[in-house]
Protein chains: 2
Amino acid sequence: MADRPRYHHGALREALVDAGEQLARSEGLDGVTVRRIAAACGVSAAAVYRHFPSGDHLIAAVAQRAREIMARDMFARLDAAAGRAPIDRLREVGESYIAFALAEPRLFSLVSMPMTTPPDRPDDPNAADLVRDIVLELEPLGAVDEQRVASRMMLAQASAHGLAVILRDFVPDPRAREQLIAGVLDRVGAGLEA
Amino acid sequence: MADRPRYHHGALREALVDAGEQLARSEGLDGVTVRRIAAACGVSAAAVYRHFPSGDHLIAAVAQRAREIMARDMFARLDAAAGRAPIDRLREVGESYIAFALAEPRLFSLVSMPMTTPPDRPDDPNAADLVRDIVLELEPLGAVDEQRVASRMMLAQASAHGLAVILRDFVPDPRAREQLIAGVLDRVGAGLEA
DNA sequence: TCGGCCATGTTGACAGTGTACACATTGATG
DNA sequence: CATCAATGTGTACACTGTCAACATGGCCGA
């Protein structure tokens, strides 16, 4: 390793996203800056614009990376919970979401920035689709009420997101966090089945 | 009106917060900058530092202003709903919170920034206290279970906040918003009484 | 009424930010 | 091997927060 610096990096785009991810982890949003990311890659700031139309697009790529990390944990948990009731698998997804927010609070703040959510990605399966698939299993066979599905999806997503944010920002104690997660998710489960 | 410009503004602090509020409404977070706020008041940027230790403190003051606006609507609704069941009054609070987020989306983003929440304000009654007071009425007389109170409070706050954020960022259609608010709050109510 | 103090304003500077333009380098391809 | 497109560099501009030094003038005591 430690080659002499080459003029052409070779895989700068990936390196930029990597550096952005690390910077986001350690410094938080304010630390994620075009110039710092470029410097971390040993490259000038202008080089970034060969790979991203703007700094925001780079940040969005970092956010996408974070979403993929989160999705990996979700799928792992779902595999482990295969066969269990839909409501239980939905809880796994929620716990995964919250766990990521608390384990990587600064990275999570990128995930939940509206700016970083690509407007259209028809193929890219996201967390919302995941939730929808499970919520659909809660519907009575052959009688899918779109209105009810939407309400259930939104309750699941809103409560998980809100809980994640509030715990991250205002509840430092790990025990209190655990108890609140369990307590709230119990009640959300009741609300979902109502 | 339209006095000639005086060297001493007279009530600059208030004027700065006013200008910040307007700027936050129209431009959003990125538009809320020390220099722009100062310019809007016809004053140099450095003058701000006679009234706030840093630009972040000014932003925090604007956020506090926004919270007061929100609180006014909450109290008005609660007055109108006086005597009704606790669960109904809790819903009024949630609806007020969400309505503000959707009516003033950019201002709301200041409200929900952790940076802008003052760490200690013993006297200042905030929304959390409001929620707690109502949630306490849900408890059986003489048997207050702190654990249960905390779970209920957190469910109420997390679902309202999450719903507000998701609707603001991802659901532009007003009809869809209304239906989701009603649907989710129904389910939250069920979860609160579980 | 006058002097002076001090709260409150200004100016100018510095470091750091995103981003565009002109230029330099190099890997790959005809 | 020559050339071209891809990719990186250097420099510049406008903008940001913040500070130090200086200017102004409203108020309070003699």
Side-chain angles (χ1 to χ4, degrees), chain A residues 2-64 106 109-110 113-116, chain B residues 2-64 106 109-110 113-116:
Chain A
D3 324 55
R4 56 167 171 69
R6 293 162 297 178
Y7 192 96
H8 282 53
H9 184 286
L12 183 53
R13 198 197 143 96
E14 278 300 299
L16 289 171
V17 178
D18 286 349
E21 181 189 332
Q22 284 315 113
L23 223 43
R25 267 189 232 273
S26 54
E27 312 267 346
L29 260 172
D30 295 349
V32 181
T33 179
V34 171
R35 292 176 123 103
R36 287 174 68 132
I37 292 178
C41 294
V43 122
S44 83
V48 169
Y49 294 85
R50 298 294 174 188
H51 300 270
F52 297 94
S54 83
D56 284 352
H57 285 78
L58 169 51
I59 294 183
V62 176
Q64 190 55 35
R106 309 182 218 256
S109 63
L110 287 200
M113 275 173 52
M115 190 194 76
T116 70
Chain B
D3 324 55
R4 55 166 171 71
R6 292 162 298 177
Y7 192 94
H8 282 52
H9 185 286
L12 184 54
R13 197 198 145 95
E14 277 300 300
L16 289 171
V17 177
D18 287 349
E21 180 189 333
Q22 284 314 113
L23 224 44
R25 267 190 231 272
S26 53
E27 313 266 347
L29 260 173
D30 295 349
V32 181
T33 181
V34 171
R35 290 177 123 102
R36 289 175 67 131
I37 292 178
C41 295
V43 121
S44 81
V48 170
Y49 294 86
R50 298 295 174 188
H51 300 271
F52 298 94
S54 84
D56 284 351
H57 285 78
L58 169 51
I59 294 183
V62 176
Q64 191 54 36
R106 308 181 219 257
S109 62
L110 287 200
M113 275 173 50
M115 190 194 76
T116 69

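This one's a predicted model, so the numbers in the text were calculated from it and none came from an experiment.
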Colleague: Once you round it to whole Å, what is the distance between C1' of dT16(D) and CG of Leu23(B)?
Modeller: 14 Å

Colleague: For the side chain of Val34(A), starting at C-beta, report the closest nucleotide among dG18(C), dT9(D), dG8(D).
Modeller: dG18(C)

Colleague: Please work out if Arg36(A) contacts a base, only the sugar-phosphate, or nothing of the nucleic acid, heavy-atom cut-off 4.0 Å.
Modeller: sugar-phosphate

Colleague: Could you work out which one of dT8(C), dT18(D), dT16(D) sits closest to the side chain of Tyr49(B)?
Modeller: dT18(D)

Colleague: Can you tell me which nucleotide in dT11(C), dC21(C), dT19(C) comes closest to the side chain of Ala45(A)?
Modeller: dT19(C)

Colleague: So do the side chains of Val43(A) and Leu12(A) get within less than 4.5 Å of each other, counting heavy atoms only?
Modeller: yes

Colleague: Quickly work out the His51(A) NE2 to dG18(C) P distance and round it to whole Å.
Modeller: 17 Å

Colleague: Within the structure provided, determine whether Val34(B) and Tyr49(B) are in side-chain contact (heavy-atom separation under 4.5 Å).
Modeller: yes

Colleague: Using a 4.0 Å heavy-atom cut-off across all strands, classify Thr33(A) as base, sugar-phosphate, or nothing.
Modeller: sugar-phosphate

Colleague: Within this structure, what is the CG-to-P distance between Leu29(A) and dT17(C), rounded to whole angstrom?
Modeller: 14 Å

Colleague: To the nearest Å, how far apart are Arg50(B) CZ and dT24(D) P?
Modeller: 15 Å

Colleague: Answer yes or no: is there a side-chain heavy-atom contact under 4.5 Å between Leu29(B) and Met113(B)?
Modeller: yes

Colleague: For Ser54(A) and for Val48(B), find the nucleotide of DNA chain C with the closest heavy atom, then tell me which residue's nucleotide is more 5'.
Modeller: Val48(B)

Colleague: Would you mind reading off the distance between Asp30(B) atom CG and dT16(D) atom P, rounded to a whole angstrom?
Modeller: 11 Å

Colleague: Rounded off to whole Å, could you give me the CG-to-P distance for the Leu58(A) and dT17(C) pair?
Modeller: 14 Å

Colleague: Starting from P on dG25(D), measure out to CG on Leu12(B) and report it in whole angstrom.
Modeller: 16 Å

Colleague: Looking at Arg106(A) and Ala24(A), would you say the former's side chain and the latter's main chain have a donor-acceptor pair under 3.5 Å?
Modeller: no

Colleague: Could you walk me through whether Val48(A) and Leu58(A) pass side chain to side chain contact (heavy atoms under 4.5 Å, CB included), step by step?
Modeller: CA-CA 8 Å; Val48(A) 169; Leu58(A) 169 51; 4.0 Å; yes

Colleague: I need the CZ-P distance between Arg13(A) and dA6(D), as an integer number of Å.
Modeller: 16 Å

Colleague: Less than 3.5 Å between a donor and an acceptor, one on the side chain of Arg35(A) and one on the base of dG16(C), is that the case here?
Modeller: no

